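Indexing begins at 1, ligand by ligand and atom by atom, following the structure's order. None of these values were measured; they are calculated from a predicted model.
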Amino acid sequence: MKHAKNNIEESTCKIADEICLPDSTLPCVVIIGGGFAGLALVEKLKNKELQVILFDKNNFHQFQPLLYQVATSALQPDSIVFPFRKQINGYKNVLFRLAEVEEIQSSSNTIITNKGKVHYDYLILATGTTTNFFGMDNVESHSLGMKDIRDSLNIRHLMLQNLEQAAITCDEKERDALTNFVIVGGGPAGVEMAGALAEFRKYILPKDYPEYPSSIMNIYLIEAIDELLSTMSDKASSMTLKYLKDLDVQVLVNESVSDYDGTQVTTKSGKTILAKNLIWTAGVKGQFPKGIDEKHVVRGNRIKTDANLKVEGYENIFAIGDIAAIITEQTPKGHPQVAQAAIQQGKYLGDTLLKLMKDEPIKPFEYKDKGSLATVGKRKAVADLGKFKFAGYFAWLLWSIVHLMSISGFRNRLMVGFNWTVSYFSYEKSNRVIIRNFKPKASVKNTKK
Ligand SMILES: Cc1cc2nc3c(=O)[nH]c(=O)nc-3n(C[C@H](O)[C@H](O)[C@H](O)COP(=O)(O)OP(=O)(O)OC[C@H]3O[C@@H](n4cnc5c(N)ncnc54)[C@H](O)[C@@H]3O)c2cc1C
């Protein structure tokens, strides 16, 4: 029997039990994770003389930089995700399998997934990161992270539900708690989220909830060190602070959250803030299946690799993207965990694997920093492009173009572009529908008790 799309002879599975794969004599490259890094690698290896199997626990790629726009009702969720099967249409040597990889057994070149086992010749870990609550269980169970599309939808639902509940209650303290937002983490995700919420408060709240007093919905942004966007220039940090202040966001620097019970946020310096909405963007940690020797795991739960992205201690296992850390004197903490680094590593490893298979010489990975952009709201953004550092309308325009062009899929680009154009003129965020009843983790636990 033939696989219609891939034109590869299908037979009984060799080592793969339960996961049916076509038999092939070509070298088998297994990629775990179809994020920016994994997909860049797939693009390099497509239609080459090897068999590529992409595993992901979701059947779609997601564009994380715009998660905050889904969370704040500006975009539909399906405009920033893209099905893997559509992505690999026409790639003769690439297969996708929807499964979560649970374990790596390097002694037998096998991975164990929740659907069965698969053999590999080369294994690539491109599994990215997950939210890091730094061991604060209370904070984790009452707050919301923003790492994937489900998180964004949870935030959107919690926000809209709480705004509706605030209209029902006559208790002023309860109403304040329901409408106040605390965002933790002054990196790009936190800053962009705070700006988007402030615009929601400015343009949507007075129209949708005319019954609320204008003082309602306080937005706090908490950052542990003394500046926002610490990886960008001083100009970017100070302009971002100005933009947020103009939008009436209360920025607390040199402050960190120590506890949260679902209603009251407590900070290390002893401040308390009443808020039933806490969004945590303060940290990430690497996530990967078990089986990698702990001695190769470094700060941030990242996997230490050599300059060719090969995991130390293994001959045929590589890591790329947020999970990989090339530790050198120049990069003592590894490369930045951003999309550009992930994409460049994916492309580099594609070329490197092809060379390795032909016994050709390979060069070490070199990261080319193309600059950083962050936006705080309409016409408000900051840009660091080498020695050019600017803020305002042109930075915002550049941010919009770069993000629009980076989204997977023509239809998605069209949808996002259309939504942005409408909202540019109307200030509209039209996805304000509650389609399911969302409950934070802690309240689900309490109901089960
Ligand atoms: C809210 C937010 C905003 C951001 N904004 C920006 C920005 O503006 N600019 C920028 O450059 N970067 C930004 N980033 C960072 C950027 O998104 C990451 O650096 C990038 O996604 C890393 O790519 P990756 O391929 O390493 O991992 P990811 O994109 O996280 O992909 C990992 C993939 O692995 C899959 N996976 C994980 N574990 C398993 C498993 N065990 N089995 C099967 N599949 C698995 C996941 O489902 C996922 O598809 C942002 C990140 C977030 C969260």
Select all protein residues for which some heavy-atom-to-ligand 1 distance is less than 4.0 Å, and list them by chain and number.
Ile32, Gly33, Gly34, Gly35, Phe36, Ala37, Asp56, Lys57, Asn58, Gln64, Pro65, Ala99, Glu100, Val101, Ala126, Thr127, Gly128, Met146, Lys147, Ala189, Gln287, Gly321, Asp322, Gln337, Val338, Ala339, Ala342, His403
Run the ring-centre check on His335 versus Tyr367 and record whether the distance is less than 6.0 Å.
yes
Would you be so kind as to tabulate the donor-acceptor pairs closer than 3.5 Å made by side chains of residues 179-190, with sequence neighbours excluded?
{"residue": "Thr179", "atom": "OG1", "partner": "Arg175", "partner atom": "O", "Å": "2.9"}
{"residue": "Thr179", "atom": "OG1", "partner": "Asp176", "partner atom": "O", "Å": "3.3"}
{"residue": "Asn180", "atom": "OD1", "partner": "Asn218", "partner atom": "N", "Å": "3.0"}
{"residue": "Asn180", "atom": "ND2", "partner": "Asp176", "partner atom": "O", "Å": "3.3"}
{"residue": "Asn180", "atom": "ND2", "partner": "Leu274", "partner atom": "O", "Å": "2.9"}

Any pair with a residue in residues 364-380 that passes salt bridge (Lys or Arg N to Asp or Glu O under 4.0 Å), sequence neighbours left out, goes on the list, sorted by first then second residue, please.
none
Taking salt bridge (Lys or Arg N to Asp or Glu O under 4.0 Å) as the cut-off, I'd like each qualifying pair that reaches into residues 405-425, sequence neighbours left out, listed once.
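Every salt bridge (Lys or Arg N to Asp or Glu O under 4.0 Å) pair that includes a residue of residues 405-425, provided the two are not neighbours, is Asp78-Arg411.
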What's the verdict on side-chain hydrogen bond (donor to acceptor under 3.5 Å, both in side chains) for Asn308 and Thr352, showing C-alpha distance, side-chain angles and the deciding distance?
CA-CA 8 Å; Asn308 306 119; Thr352 300; 5.7 Å; no
Worked verdict on Gln76 versus Asn419 for side-chain hydrogen bond (donor to acceptor under 3.5 Å, both in side chains):
CA-CA 9 Å; Gln76 303 92 315; Asn419 269 290; 3.0 Å; yes
